[in-house]
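Quick notes on the structure that follows.
Every value quoted in this text rests on a predicted model; they were computed, and no experiment measured them. Ligands are counted one by one from 1 in listed order, and the atoms in each one are counted from 1 as well. Both backbone and side-chain heavy atoms feed into the values below; hydrogens, waters and symmetry mates do not.
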Amino acid sequence: MRRPEVVGTVADLLERLDAARAAGASVGFVPTMGYLHQGHASLIDAAVAADDLTVVSIFVNPLQFVPGEDLADYPRDLDADLARCGEHGADLVFHPTAAEVYPEGTDEPVAVGAIGGSLEGASRPTHFDGVATVVARLFRIVGRCRAYFGEKDFQQLAVVHRMVADLELPVEVMGCPIVRESDGLALSSRNIYLEPDERRQAPVLYRALLSGVAAVEGGGVDPVAVVGAMEAVLADAPDLAVDYAALVESDTFAVPERIATGSEVRLLVAGRLGRARLIDNVGATAP
Ligand code: AMP
């Protein structure tokens with residue numbers, strides 16, 4: 001199995017990127033926090049399929065953790081990550097220190113607008129500013145590329161789309177489908193925190209989303225009723241502390257008063273099961 005080359009500095013990364021681009025290569029970029037699973041691998045697969053040089057970044061970004069969250073405990077396994085990157089054909093892994101990513105410090109974060117204010121933004125107040133700051137910095141370093149993100153973090157994807165448009169960055173943002181376990185649980189690095197009984201309860205998030213989809217596709221027009229259907233399913237899991245269940249318009253994240261015929265909506269849920277904070281979402285089209 002081929003191992004990707006690992007670079008830790010911006011200078012080394014730029015040297016490789018400049019050489020590849022000089023030879024006419026297109027660049028695919030997959031930003032991650034490591035502890036890679038099949039969900040991350042699907043992003044690498046998409047990049048390898050579409051681009052000539054695939055770069056994976058592995059950086060646990062302190063800025064996107066809210067005080068009291070799991071920054072110190074966030075799971076890490078660089079060896080396994082490099083093996084997985086190699087199996088999926090990534091060419092280069094960028095594994096920088098925080099000083100390399102933030103040479104000027106972190107006291108001037110990129111601020112995110114309304115799209116990041118609700119849901120995850122309400123539960124984790126500085127989270128999206130931290131995401132936007134690191135993604136903007138990484139995009140500036142990597143330069144022109146296609147960048148692959150999972151729909152798993154659907155609001156993050158919307159924030160990144162908006163930021164790229166606002167800053168006119170030369171990046172094409174590619175949203176990729178959520179990879180799930182066979183029982184519906186969305187893959188996440190944080191699933192490692194689940195105790196066996198919590199793991200058994202965890203697919204309730206996906207079941208709740210499916211009940212919301214059924215309500216929308218069955219012609220339900222009242223968002224409150226759709227959210228109520230999801231909450232009723234979430235209540236089946238005794239240990240789940242629900243953060244939110246929500247229905248929003250897919251592109252704006254606005255909550256519609258009424259679900260319009262033919263409109264695209266997104267159903268999202270989040271909650272805490274023991275030490276794990278879980279999020280998930282699905283799309284639905286009103287008939
Ligand atoms: P993270 O390492 O959690 O920051 O995630 C890095 C990227 O992988 C983000 O774009 C995530 O949305 C994506 N991702 C995480 N889990 C999944 C999944 N289950 N399916 C697809 N993409 C995922």
Side-chain angles (χ1 to χ4, degrees), residues 28-50 54-66 69-71 73-78 80-82 84-85 88 90 93-96 98 101 116 119-121 124 127-139 142 145-164 171-194 199 202-203 205-206 209 250 266 268-270 276-283:
F29 177 43
V30 181
T32 81
M33 297 208 300
Y35 211 67
L36 304 180
H37 50 65
Q38 200 49 42
H40 300 108
S42 72
L43 308 182
I44 298 172
D45 291 342
V48 168
T54 295
V55 182
V56 178
S57 66
I58 298 179
F59 176 59
V60 179
N61 173 35
L63 269 195
Q64 72 191 71
F65 289 76
V66 172
E69 288 189 338
D70 55 344
L71 172 59
D73 304 333
Y74 195 80
R76 291 161 165 90
D77 188 344
L78 186 61
D81 287 351
L82 296 181
R84 198 180 285 270
C85 286
H88 288 268
V93 170
F94 181 46
H95 182 53
V101 175
L119 306 177
E120 286 302 282
R124 310 175 68 197
H127 170 66
F128 282 128
D129 287 356
V131 168
T133 303
V134 76
V135 172
R137 171 79 180 131
L138 292 170
F139 282 178
V142 172
C145 65
R146 278 192 201 94
Y148 297 82
F149 288 83
E151 289 186 346
K152 163 81 184 347
D153 300 278
F154 194 75
Q155 195 175 8
Q156 167 177 285
L157 182 57
V159 163
V160 171
H161 265 298
R162 181 62 199 257
M163 182 188 75
V164 164
V171 175
E172 189 180 352
V173 177
M174 313 295 290
C176 300
I178 300 174
V179 178
R180 301 177 178 283
E181 303 280 6
S182 57
D183 61 7
L185 175 63
L187 267 56
S188 165
S189 306
R190 289 187 168 104
N191 291 349
I192 186 99
Y193 297 149
L194 294 167
R199 174 64 188 81
L205 274 76
Y206 187 55
L209 292 168
S250 294
R266 205 79 189 180
L268 306 101
V269 292
R277 186 168 181 283
L278 304 177
I279 63 172
D280 201 353
N281 68 87
V282 295

Students should find this: residues with any non-hydrogen atom under 4.0 Å from ligand 1. What is the answer?
Pro31, Thr32, Met33, His37, Gly39, His40, Leu43, Tyr74, Phe149, Gly150, Lys152, Asp153, Gln156, Pro177, Ile178, Val179, Leu187
Between Asn281 and Arg180, which heavy-atom pair has the shortest distance, and what is it?
O-NH2, 3.4 Å
Keeping to residues at least two apart or across chains, list the salt bridge (Lys or Arg N to Asp or Glu O under 4.0 Å) pairs with something in residues 55-65.
none
Under 3.5 Å donor-acceptor, Asn61 side chain and Gly130 backbone:
yes
Name every donor-acceptor pair, under 3.5 Å, that has one atom in a side chain of residues 152-161 and the other anywhere in the protein, sequence neighbours excluded.
from	atom 1	to	atom 2	distance (Å)
Gln155	OE1	Glu120	N	3.1
Gln155	NE2	Ile115	O	3.0
Gln155	NE2	Ser118	O	3.0

Where do Glu69 and Arg124 land on the salt bridge (Lys or Arg N to Asp or Glu O under 4.0 Å) test, with the steps shown first?
CA-CA 9 Å; Glu69 288 189 338; Arg124 310 175 68 197; 2.7 Å; yes
Could you list the donor-acceptor pairs under 3.5 angstrom formed between side-chain atoms of residues 35-43 and any protein atom two or more places apart in sequence or on another chain?
from	atom 1	to	atom 2	distance (Å)
His37	ND1	Gly39	N	2.9
Gln38	OE1	Arg84	NH1	3.4
His40	ND1	His37	N	3.0
Ser42	OG	Gly39	O	2.6

